Amino acid sequence: MDAISKGWFSEIQDELWPGQSFSLKIKEVLHKEKSKFQDIQVVETETFGRCLILDGIIQCTSRDEFSYQEMISFLPLCCHPNPQKVLIVGGGDGGVAREVVKHPLVKEVHQVEIDDRVVDLSKKYLPAMACGFDSTKLKLTIGDGFEYMKNHKNEFDVIITDSSDPIGPAVSLFQESYYGLLKDALKEGAYITHHHEEFPIEHWSTLKDWDSQTLP
């Protein structure tokens, strides 16, 4: 869990980013634990505010989290003419929920997050994001998003997948079978957005194949 050396946290992930790392100078480690699903750290940084780290990978910082939360939320919401019912898969820090409930046409927000400890720790250490959980529009389910969608067909106007990277508990959310479940859970004319890292150019043909097969 501990990737902090001489006051610096370094994100080192050879599987995703071989030969490189990203580092932040740390003022204080606020919390660290191993949940049932992943390693969790919350740290106070010198320049980016508070930072949530899962399995050694930076998820968000209080300095710039808005740029991600707003983009992944409002692009599909503003494309849809009447996004009344929204599903968020993941998003345990609450930031996406915070943005989605702002939309005046959204009536229901259903969120499924696998790790309750991410939710609890975000409420404690990242309240500016976790305030999204306070909305009366929101219904939060602690569970597996993959399994959740098997039981919800033709229900949602917008589905937002705000997952961690494709290792650990989120790996199923990057598989072709998940995109098939997304398709089945959407209403006619619905929209999805999905968290991805930068997608290697050599994989674009594979992504196009998935689109044509599962999301025509």
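Keep in mind the model is a prediction, meaning the values are calculated, not measured.
- The pair Glu65-Arg98 counts as a salt bridge, with a side-chain nitrogen and a carboxylate oxygen less than 4.0 angstrom apart.
- Taking all atoms of both residues into account, the shortest heavy-atom contact from Cys51 to Ile58 is SG-CG2, 3.7 Å.
- In this structure, CD on Glu113 lies 10.5 Å from CG on Asp144, to the nearest 0.5 angstrom.
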| task | Report the C-alpha separation of Leu140 and Val119 in whole Å, then their side-chain angles, then the decisive distance to 0.1 Å, and conclude whether the side chain to side chain contact (heavy atoms under 4.5 Å, CB included) test is met. | result | CA-CA 10 Å; Leu140 175 65; Val119 175; 4.1 Å; yes
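- Within the 4.5 Å cutoff, the side chain of Asp39 has no heavy atoms near those of the Leu54 side chain.
- Residues Leu181 and Lys153 meet the side-chain proximity criterion, which asks for heavy atoms closer than 4.5 Å.
- Looking at Lys85 and Glu155, a side-chain N of the basic residue comes within less than 4.0 Å of a carboxylate O on the acidic one, giving a salt bridge.
- Taking both residues in full, the closest heavy atoms of Leu186 and Ala190 are given as CD2-CB, 3.6 Å, listed atom of the first, atom of the second, then distance.
- Between Tyr125 and His31, the ring planes lie tilted relative to each other; the angle falls in the 30° to 60° range.
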| request: Show your working on side chain to side chain contact (heavy atoms under 4.5 Å, CB included) between Val86 and His103 and close with a plain yes or no. | output: CA-CA 11 Å; Val86 178; His103 196 290; over 6 Å; no
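- Annotation for His80 and Pro83: closest pair ND1-N, 3.4 Å, computed over non-hydrogen atoms.
- Under the 4.5 Å side-chain criterion, counting only non-hydrogen atoms from C-beta, Tyr148 is not in contact with Val89.
- In this structure a side-chain-to-backbone donor-acceptor pair under 3.5 Å is missing from Asn154 to Ala185.
- Using a 4.5 Å heavy-atom threshold, the side chains of Leu87 and Val109 count as separate.
- For the pair Ser62 and Gly49, the tightest heavy-atom approach, listed with the atom from each and the gap, is OG-CA, 3.3 Å.
- A distance of 10.0 Å separates CD of Gln59 from OG of Ser122, quoted to the nearest 0.5 Å.
- Side chain of Gln111 to backbone of Gly90: a donor-acceptor contact under 3.5 angstrom is found.
- Tested against Val43, the residues Leu30, Ile53, Leu52 include a single side-chain contact (heavy atoms from CB on, under 4.5 Å) partner, Ile53.
- Looking at Met129 and Leu126, their side chains come closer than 4.5 Å, going by heavy atoms from C-beta outward.
- In terms of hydrophobic clustering, with Ile, Leu, Val, Met, Phe, Trp and Tyr side chains grouped at heavy-atom distances under 4.5 Å, Val29 and Phe48 are assigned to a common cluster.
- To the nearest 0.5 Å, atom CG of residue Asp184 and atom CE of residue Met149 are 9.0 Å apart.
- Cation-pi contact between Lys187 and Phe156: absent, since separation from the ring centre below 6.0 Å together with deviation from the ring axis within 45° is not met.
- Heavy atoms only, all atoms of each residue included: Ala97 and Leu138 are closest at CB-CD1, 4.3 Å.
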| request: Apply the test side chain to side chain contact (heavy atoms under 4.5 Å, CB included) to residues Lys25 and Phe9: give CA-CA distance (whole Å), side-chain angles for both, the deciding distance (0.1 Å), then the verdict. | output: CA-CA 6 Å; Lys25 192 172 184 181; Phe9 168 82; over 6 Å; no
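- Atom NZ of Lys107 is surrounded by 12 or fewer heavy atoms from other residues, nucleotides or ligands within 6.0 Å.
- Atom OG of Ser35 sits about 8.5 Å away from atom CZ of Arg117, to the nearest 0.5 Å.
- Closest non-hydrogen pair, Val101 versus Lys137, comes out as O-NZ, 2.9 Å.
- Atoms CZ and CG, from Phe37 and Asp55 in turn, are 12.0 Å apart once rounded to the nearest 0.5 Å.
- Here the side chains of Val106 and Val100 are in contact, with some heavy-atom distance below 4.5 Å.
- Of the N and O atoms on the side chains of Asp64 and Thr61, at least one donor lies less than 3.5 Å from an acceptor on the other residue.
- For the pair Thr47 and Arg63, the minimum side-chain heavy-atom distance is below 4.5 Å.
- In this structure, the side chains of Ile26 and Glu46 stay at 4.5 Å or more apart for every pair of heavy atoms.
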| Passes salt bridge (Lys or Arg N to Asp or Glu O under 4.0 Å), Glu44 versus Arg50? Steps please. | CA-CA 4 Å; Glu44 188 78 43; Arg50 290 190 175 180; 2.9 Å; yes
| said: Evaluate Tyr191 against Asp157 for side chain to side chain contact (heavy atoms under 4.5 Å, CB included), listing each step before the verdict. | reply: CA-CA 6 Å; Tyr191 287 82; Asp157 300 304; over 6 Å; no
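- One hydrophobic cluster, built from ILVMFWY side chains closer than 4.5 Å, cannot hold both Met71 and Ile160; they sit in different ones.
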| request: Step by step, work out the side chain to side chain donor-acceptor pair (under 3.5 Å) result for Gln38 and Asp115. | output: CA-CA 8 Å; Gln38 56 202 333; Asp115 197 338; 2.9 Å; yes
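- Ion pair Lys123/Asp120 not flagged as a salt bridge, since none of the NZ, NE, NH1 or NH2 atoms sits closer than 4.0 Å to an Asp/Glu carboxylate oxygen.
- One finds the SG atom of Cys79 at 12.5 Å from the CZ atom of Phe74 (value rounded to the nearest 0.5 Å).
- In this structure a side-chain-to-backbone donor-acceptor pair under 3.5 Å is present from Thr193 to Ile72.
- Hydrophobic clustering (ILVMFWY, side-chain heavy atoms < 4.5 Å, transitive): Leu75 and Phe66 are in distinct clusters.
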